[in-house]
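All heavy atoms count here, side chains included; hydrogens, waters and symmetry mates do not. Residue numbers count from 1 along this sequence. Just follow the structure's listing: the first ligand is 1, and inside any ligand the first atom is 1.
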Amino acid sequence: MPVISAQPYDYPLPANLLQVALMIIDMQRDFLEPGGFGAALGNDVSRLQAIVPAVQQLQAVFRAKGLPIIQTQEGHQRDLSDCPVSKRSRGQPQLKIGDSGPMGRILVLGELGNGIIPALEPKPDEIVISKPGKGAFYRTALEAALRSRQITHLIFTGVTTEVCVQTTMREANDRGYECLLVEDATESYFPDFKQATLDMIRAQGGIVGWTATLEATLTGLQTGSR
Ligand code: TIU
């Protein structure tokens, strides 16, 4: 049985790796570049750039093996009909969701700033799930997309660790998916929050899932077949 060496113990891979999807959460300009939603909330967005090569490496391996890749994208309709008033006003940012910024309207689908960063641009046949919330299962077709492809295992990457990544991982865990978070392919504006999230996931025998290094994940995937 192929495994990924992980914490709190080995993560078992399915016999058929086609059941494993790479989840790339919200690697958007809005979170990684100045002038977007993350910066409007007062964050130093530059520290998220460090994980781009690690995510690219996983994306390349999944592409080479022909395995499923799912990117998510947090954004709202142009009329903001899917954006709760509470979300728009939270944090009292200088630029609110829907306001015009240097990269277009903040966190609005189709705007330059809302797009996935060019380094990780999805291919036309890859799945991109737009989502109005932090969790990727809320008001999206993600669950149907996973079920129709018989995907059972989710390898998580992306930003930010304790917000959209952790929320989605918890939603997936409750739905029965085997979830692993790649430690050096996820980042937060707050290093302590990233570490706390990794600790929480691994606690209590992996109550929410597993964590593994990029190297261990790549090594484990090489042992699997499809
Ligand atoms: N603010 C923050 O840390 N994150 C978000 O608002 N969304 C995601 O995590 N993608």
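Contact detail for Gln57 and Leu218: the closest heavy-atom pair is NE2-CD1, 3.4 Å.
The immediate protein surroundings of ligand 1, defined as residues with any heavy atom under 4.0 Å of it, consist of Asp26, Phe31, Phe37, Leu41, Glu74, Lys134, Val159, Thr160, Val163, Cys164, Tyr189.
One distance of note links CZ of Arg175 with CD of Glu143; it measures 5.0 Å at 0.5 Å rounding. In this structure, the separation between CG on Leu181 and CG on Leu154 is 11.5 Å, given to the nearest 0.5 Å.
When only modelled atom types and interatomic distance are considered, Glu183 and Thr213 share no side-chain donor-acceptor pair under 3.5 Å. Using modelled atom types and a 3.5 Å distance limit, the side chains of Ser188 and Glu162 yield a donor-acceptor pair.
For the pair Val55 and Gln71, the minimum side-chain heavy-atom distance is 4.5 Å or more.
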